[in-house]
Amino acid sequence: MPLLEHLGELRKRIIYVLIILTLGLVVGLIFAQPTYNFLMSQKPANTISLHTFSLWDGIGMYMKFAFVIALIISLPVIAYQLWAFVKPALRKNEQRSTLKYVPFALIMFLIGLAFSYFVVFPLAFNFTRTVSQHLNLEETYGIAQYFTFMFNLLIPISLLFELPLVIMFLTAIRLVNPQRLRKMRRLAYFIMVLIGVMITPPDFISDILVAIPLLVLYEISVFLSGSVHKKQLAADAKWEAEYGESMSEA
């Protein structure tokens with residue numbers, strides 16, 4: 001396919017993603033209030049008083065909720081559009097094998113969301129609050145700051161849970177393989193730990209709690225990449241057995 005056709009295809013896929021994000025934003029605006037009410041009824045939000053320090057805090061927080069809901073709704077469509085963009089470069093069997101990853105994009109994101117909300121966020125919140133109390137600071141939390149702090153933890157961690165799917169997809173289209181992933185294990189570990197440190201509060205417990213699942217996710221990714229690669233080798237051997245001899249005879 002010529003370069004201009006590639007760019008045209010990419011533009012079409014981006015437009016589809018923007019349309020579904022806009023529709024998701026409409027749905028998000030409808031469900032922002034119930035989601036906000038639910039989170040406010042849970043710990044630690046129901047144990048503290050939250051304030052507004054600006055006339056824009058309420059609107060900004062409402063839009064954050066709407067955007068997160070829109071992102072969740074759009075994830076399978078974004079994954080499908082990515083698959084559709086690279087589809088012409090894939091064989092028929094590779095198209096079928098990669099298409100099945102699309103629904104799992106949402107599942108993995110939701111698993112990451114649950115992990116970050118129920119495990120990482122309470123630890124990070126309690127740590128920062130303990131530091132404030134240790135410094136004898138009067139606690140007055142803003143509603144916008146509270147949810148910004150929450151979403152800044154939840155969204156990056158949830159997206160990182162897509163790693164196994166990304167690795168399997170890249171293996172399926174032959175951009176990476178398990179041997180290469182094993183060779184770059186030290187670098188990958190360093191990057192994972194660095195990400196874990198950057199997105200969590202500066203305490204050892206939170207860093208470990210995020211870094212260890214990321215390392216496990218990488219090892220799961222290597223294992224799944226090996227499974228995909230093994231099937232590729234078997235398919236290549238079968239193709240070689242069926243067509244290799246006839247081509248050499250011709």
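Basis for what follows: all heavy atoms, side chains included, without hydrogens, waters or symmetry-related copies. This is a predicted model, so every value here is computed, not measured.
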Inset, instruction - Answer with yes or no after comparing the ring centroid distance for Y80 and Y16 against a 6.0 Å cut-off, counting only values under it. - result: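 Aromatic pair excluded; centres sit 6.0 Å or further apart.
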Can you give me the closest heavy-atom contact between [X] and [Y], atom names plus distance?
X: Q145; Y: F53; answer: OE1-CD1, 3.9 Å
X: S74; Y: I20; answer: OG-O, 3.6 Å
X: L39; Y: M150; answer: CD1-SD, 4.2 Å
X: W83; Y: V102; answer: CB-CG2, 4.5 Å
X: I167; Y: S225; answer: CG2-CB, 3.9 Å
X: L224; Y: P164; answer: CD1-CB, 4.1 Å

Is [Y] reachable from [X] through a run of hydrophobic residues whose side-chain heavy atoms are each under 4.5 Å from the next?
X: L215; Y: V119; answer: yes
X: L153; Y: F118; answer: yes
X: I78; Y: L163; answer: no
X: Y146; Y: F151; answer: yes
X: M184; Y: V216; answer: yes

Look up atom [atom1] in [X] and atom [atom2] in [Y], then write down how far apart they are to the nearest 0.5 Å.
X: Q81; Y: I19; atom1: CD; atom2: CD1; result: 9.5 Å
X: H134; Y: T130; atom1: NE2; atom2: OG1; result: 10.5 Å
X: F104; Y: M168; atom1: CZ; atom2: CE; result: 8.0 Å
X: L71; Y: I155; atom1: CG; atom2: CD1; result: 6.0 Å
X: I143; Y: F147; atom1: CD1; atom2: CZ; result: 4.5 Å
X: N37; Y: M40; atom1: CG; atom2: CE; result: 9.0 Å

Under a 4.5 Å cut-off applied to non-hydrogen side-chain atoms, are [X] and [Y] in contact?
X: I73; Y: L21; value: no
X: I195; Y: L160; value: yes
X: S41; Y: N46; value: no
X: L214; Y: Y218; value: no

In residues 176-183, what donor-acceptor pairs under 3.5 Å come from side-chain atoms, sequence neighbours left out?
from, atom 1, to, atom 2, distance (Å)
N177, OD1, Q179, N, 3.1
N177, OD1, R180, N, 2.7
R180, NH1, L175, O, 2.8

Legend entry - side-chain contact (heavy atoms from CB on, under 4.5 Å) between R185 and E219, intermediate numbers included: CA-CA 9 Å; R185 181 174 274 136; E219 291 304 324; 2.9 Å; yes
Would a distance-only check, ignoring hydrogens and angles, find a side-chain to backbone donor-acceptor pair under 3.5 Å from [X] to [Y]?
X: S158; Y: L154; value: yes
X: N152; Y: F149; value: no
X: S227; Y: F223; value: no
X: T47; Y: P44; value: yes

Inset, instruction - May I ask you to check whether over 12 heavy atoms, not counting those of L55, lie within 6.0 Å of atom CG? - result: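 Incorrect, the count does not exceed 12.
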Inset, instruction - Please state whether the rings of F125 and F121 are parallel, tilted or perpendicular, taking 30° and 60° as the class boundaries. - result: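 Geometry flag for F121 against F125: tilted rings.
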Inset, instruction - May I have the step-by-step check of ring-ring contact (aromatic ring centres under 6.0 Å, His included) for F115 and F161, ending in yes or no? - result: CA-CA 10 Å; F115 172 76; F161 269 68; 5.7 Å; yes
Inset, instruction - Give the intermediate values and the outcome of side-chain contact (heavy atoms from CB on, under 4.5 Å) for residues F65 and Q33. - result: CA-CA 8 Å; F65 273 93; Q33 183 71 46; over 6 Å; no
Inset, instruction - Output, in order, the C-alpha distance, side-chain angles, deciding distance and verdict of side-chain contact (heavy atoms from CB on, under 4.5 Å) for F109 and E162. - result: CA-CA 6 Å; F109 184 86; E162 303 286 350; 3.2 Å; yes
Inset, instruction - Apply ring-ring contact (aromatic ring centres under 6.0 Å, His included) to the pair Y36 and Y62, showing each step before the final yes or no. - result: CA-CA 8 Å; Y36 166 78; Y62 213 87; 8.1 Å; no
Legend entry - Candidate pair R129 and I48, rule side-chain contact (heavy atoms from CB on, under 4.5 Å), full reasoning: CA-CA 11 Å; R129 201 175 181 194; I48 56 175; 3.3 Å; yes
